[in-house]
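Here's the structure, in structure tokens; my notes come after.
From a predicted model like this one, the values you see are computed outputs, not experimental measurements. Here, residue 1 is the first one in the sequence, and each next residue gets the next number. First listed ligand is number 1; within each ligand, the first listed atom is number 1.
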Amino acid sequence: MKNIAVFASGRGTNFNAIAQAVKKKSLKVNLALLVCDNPKAPVLDKARRLKVKTALVKREDFATKKDFEKTIIRFLKKNKISLVVMAGFMRLLSAFFVKAYKNRIVNIHPALLPSFKGAHAIKDAFAYGVKATGVTVHFVDEAMDHGPIILQREVAVKESDTLGSLEARIHRVEHQLYPEAIQLIVQGKIRLKGRRARITGR
Ligand code: GAR
């Protein structure tokens, strides 16, 4: 089974959804490591409870971003990680890191990319007044919220929605879509051609 590492900076509801899918065996990976950059993140407690090994790596402990990322890469190598799963890790990875794990880093974004990139996608889409938004899982490249799209799922915006109710629905979709996308990747069912990711044999 492949070893995966989840990178998270905050609440960790996606981390938890991945851990539950692993437990249920609908996602057949070994959740070998949580990488976290924020000592106050609630995801750390979730990992402790679920007995997932944690690497807390704080950016301020390093003079340069490269030193910070080199330390993370050392943790990944030590734990034989073959897929990096970004789940609310609120830092942009440098070209150096992306190159080291080329096509082996995925991210989840709470909007239909390329619309509403950035850290406030749900709020931005709601404020814009879109009638449909959704969730995107994609490979990570050097640009923010940009790499080849693996799966997308639409979420309709209802007339009665508040930002909170829309957020809740989007998160529910995230928690289903992310384990599904990871399972497709580890099964070797995603073929990349340029920036198009084709799903084979599903
Ligand atoms: C998720 O909604 C994820 O899509 C978003 O951060 C949240 C983390 O929640 N990521 C981005 O906005 C990336 N641009 P979680 O900590 O509860 O999983």
Side-chain angles (χ1 to χ4, degrees), residues 4-23 27 29 31 33-50 52 54-59 69 72 83-94 97-98 101 105-128 130 132-157 161-183 185:
I4 71 164
V6 173
F7 284 30
S9 308
R11 281 182 318 165
T13 64
N14 280 285
F15 167 80
N16 190 57
I18 291 164
Q20 297 311 324
V22 170
K23 226 177 188 175
L27 175 55
V29 297
L31 177 45
L33 188 67
L34 168 76
V35 173
C36 181
D37 62 334
N38 171 14
K40 295 197 181 115
V43 70
L44 290 169
D45 270 342
K46 291 190 171 73
R48 229 163 276 139
R49 251 179 289 143
L50 291 160
V52 175
T54 297
L56 177 62
V57 190
K58 291 186 280 174
R59 172 66 183 87
E69 290 185 342
I72 295 177
L83 183 71
V84 170
V85 174
M86 313 263 289
F89 190 69
M90 291 310 188
R91 272 176 204 284
L92 205 56
L93 297 173
S94 74
F97 190 102
V98 171
Y101 280 82
I105 312 169
V106 290
N107 182 42
I108 190 159
H109 185 72
L112 294 177
L113 290 173
S115 290
F116 304 109
K117 296 178 179 182
H120 311 286
I122 306 176
K123 196 167 148 216
D124 293 347
F126 186 70
Y128 196 89
V130 295
T133 180
V135 175
T136 303
V137 178
H138 65 94
F139 286 111
V140 170
D141 64 9
E142 291 78 3
M144 187 183 58
D145 299 329
H146 177 265
I149 291 168
I150 300 163
L151 288 181
Q152 274 186 320
R153 197 152 292 162
E154 190 178 303
V155 174
V157 182
D161 261 330
T162 59
L163 177 58
S165 64
L166 179 62
E167 267 169 354
R169 257 191 348 279
I170 288 184
H171 290 314
R172 269 202 300 279
V173 170
E174 287 193 312
H175 301 159
Q176 288 172 2
L177 199 67
Y178 217 1
E180 232 177 83
I182 298 164
Q183 180 62 19
I185 296 165

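For ligand 1, one of its N or O atoms has an N or O atom of G12 under 3.5 Å away. Residue N107 has no N or O atom closer than 3.5 Å to an N or O atom of ligand 1.
Assignment of A8 to the shell around ligand 1 is not supported, since no heavy atom sits closer than 4.0 Å.
Of all protein heavy atoms, the one lying nearest to atom 14 (N) of ligand 1 is H109 ND1, 3.1 Å. Protein heavy atom at the shortest distance from atom 2 (O) of ligand 1 is E174 OE1, 2.9 Å. In terms of protein heavy-atom proximity, atom 12 (O) of ligand 1 is nearest to P110 CD, 3.5 Å.
Taking every non-hydrogen atom of T13 and a distance limit under 4.0 Å, the qualifying atoms of ligand 1 come out as 15 (P), 16 (O), 17 (O), 18 (O). The distance from ligand 1 to the heavy atoms of R11 drops below 4.0 Å at these ligand atoms: 9 (O), 16 (O), 17 (O). The distance from ligand 1 to the heavy atoms of H171 drops below 4.0 Å at these ligand atoms: 2 (O). In summary, the atoms of ligand 1 found under 4.0 Å from a heavy atom of M90, numbered by their order in the structure, are 6 (O), 10 (N), 11 (C), 12 (O). If you number the atoms of ligand 1 from 1 as listed, the ones under 4.0 Å from a heavy atom of G118 come out as 12 (O), 14 (N). Counting the atoms of ligand 1 from 1 in the order shown, those under 4.0 Å from a heavy atom of G88 are 6 (O), 8 (C).
A donor-acceptor pair under 3.5 Å links the side-chain atoms of E69 to the main chain of S94, judged by distance alone. A donor-acceptor pair is defined here as one N or O able to donate and one able to accept, closer than 3.5 Å; such a pair exists between the side chain of K46 and the backbone of R11. Using modelled atom types, no side-chain atom of H146 and backbone atom of H138 make a donor-acceptor pair closer than 3.5 Å. A donor-acceptor contact shorter than 3.5 Å links the side chain of T136 to the backbone of A111. When atom types are taken as modelled, the side chain of R169 and the backbone of V157 share no donor-acceptor pair closer than 3.5 angstrom.
No part of K117 comes within 4.0 Å of ligand 1, judged by heavy-atom distances. The part of D145 lying near ligand 1 is the side chain, judged by heavy-atom distances below 4.0 Å. In M144, neither the side chain nor the backbone holds a heavy atom less than 4.0 Å from any atom of ligand 1.
Side chains of N38 and S9: a donor-acceptor N/O pair is absent below 3.5 angstrom, by distance only.
Closest approach of T162 and F126 over heavy atoms only: C-CZ, 3.7 Å. L44 and C36 get closest at one heavy-atom pair: CD2-CB, 3.8 Å.
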